Structures are given as structure tokens and as C-alpha cells.
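Both backbone and side-chain heavy atoms feed into the values below; hydrogens, waters and symmetry mates do not. Along the sequence shown, residues are numbered consecutively beginning with 1. All values derive from a computational prediction rather than experimental measurement.
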Amino acid sequence: MGRDEPKPPNPDRTVEAGWVPAWQSQMICDELNAEGVPAVVTEDYGLNPLMSASEPMARIFVTEDRQAEAQEIITEILGHEPRRRDI
């Protein structure tokens with residue numbers, strides 16, 4: 001008691017669906033869009049890429065209300081859950 005109910009996913013808020021190798025990112029983004037999940041990809045240029053990944057990486061963004069669906073599709077494509085970059 002005394003706790004607020006969690007807010008429902010906001011369709012106007014953009015969130016990260018996954019952090020994937022750059023060479024796979026556009027294919028995944030295209031597949032999400034083909035499945036009806038609006039998605040965009042952006043290359044992730046970190047200050048020191050060797051600290052978090054051994055190859056160029058990219059982030060895939062979707063609306064908050066489609067995040068779970070997008071992560072399921074990405075998991076199907078990759079064969080494992082997409083990584084997330086802790087900032």
C-alpha cells in the first residue's frame with residue numbers, strides 16, 4: 001500500500017529496444033518496420049568503444065508501447081536477447 005501504480009507505456013516516448021552490432025542494425029530495423037513496429041537506428045559512437053564492445057555498435061529505438069514486441073522480434077532474429085547499453 002502507498003505505492004503508485006506503474007504508468008502504462010507511453011506511445012509518445014521513444015526508448016531503446018536493443019544495442020546491436022552495427023552491421024546487423026539496419027536489417028533488424030527494416031524487419032521491425034516490416035512487422036509493423038516503427039523503428040529507427042542510430043550508430044553508437046562511444047568515447048571508448050573498447051570498454052563496452054569489440055565492434056561498432058548501433059542502437060535501435062521504438063516507441064515505449066512497442067518496446068516489448070520489438071525486443072521479441074529482435075530476439076527471434078539474433079537468437080538471443082538484445083544487449084542494452086548501460087549509461
Minimum heavy-atom separation for [X] and [Y], please, with both atom names.
X	Y	answer
Gly18	Pro82	CA-CB, 3.9 Å
Ala39	Leu32	CB-CD1, 3.8 Å
Cys29	Val41	SG-N, 4.0 Å
Trp23	Glu55	NE1-OE1, 3.6 Å

Checklist entry - Can you find a heavy atom in the side chain of Glu81 that is under 4.5 Å from one in the side chain of Gln71? => result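 Glu81 does not reach Gln71 side chain to side chain.
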Checklist entry - Can you find a heavy atom in the side chain of Thr75 that is under 4.5 Å from one in the side chain of Glu72? => result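 A side-chain contact under 4.5 Å is absent here.
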Item to check | For Glu64, the option from Thr14, Val15, Asp12 that meets side-chain contact (heavy atoms from CB on, under 4.5 Å) | outcome: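 Between Glu64 and the candidates, side-chain contact (heavy atoms from CB on, under 4.5 Å) is satisfied uniquely by Val15.
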[X] side, atom [atom1]; [Y] side, atom [atom2] - distance, nearest 0.5 Å:
X	Y	atom1	atom2	answer
Asp30	Glu35	CG	CD	12.0 Å
Asn10	Gln67	CG	CD	12.0 Å
Arg59	Trp19	CZ	CH2	7.5 Å

Next on the checklist: Would Leu78 and Gln24 count as a side-chain contact (heavy atoms from CB on, under 4.5 Å) here? Give the steps.
Outcome noted: CA-CA 9 Å; Leu78 296 176; Gln24 294 176 325; 3.3 Å; yes
Next on the checklist: Is there a path of hydrophobic side-chain contacts, each under 4.5 Å between heavy atoms, that joins Phe61 and Met57?
Outcome noted: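 No; Met57 is not reachable from Phe61 via cluster members.
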Next on the checklist: Hydrophobic cluster membership, with links at side-chain heavy-atom distances under 4.5 Å among I/L/V/M/F/W/Y: are Val37 and Met27 in one?
Outcome noted: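 The answer is yes; both residues are in one hydrophobic cluster.
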Next on the checklist: Run the side-chain contact (heavy atoms from CB on, under 4.5 Å) test on Glu31 and Ile77 for me, step by step, so that the C-alpha distance in whole Å, both residues' side-chain angles and the decisive distance to 0.1 Å come before the verdict.
Outcome noted: CA-CA 9 Å; Glu31 183 61 28; Ile77 293 169; 3.7 Å; yes
Next on the checklist: Between Arg66 (side chain only) and Pro11 (backbone N and O only), is there a donor and an acceptor less than 3.5 Å apart?
Outcome noted: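 No, Arg66 side chain to Pro11 backbone: no donor-acceptor pair under 3.5 Å.
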Next on the checklist: Pair Ile60, Ile28 - check side-chain contact (heavy atoms from CB on, under 4.5 Å), show working.
Outcome noted: CA-CA 8 Å; Ile60 297 176; Ile28 292 170; 3.3 Å; yes
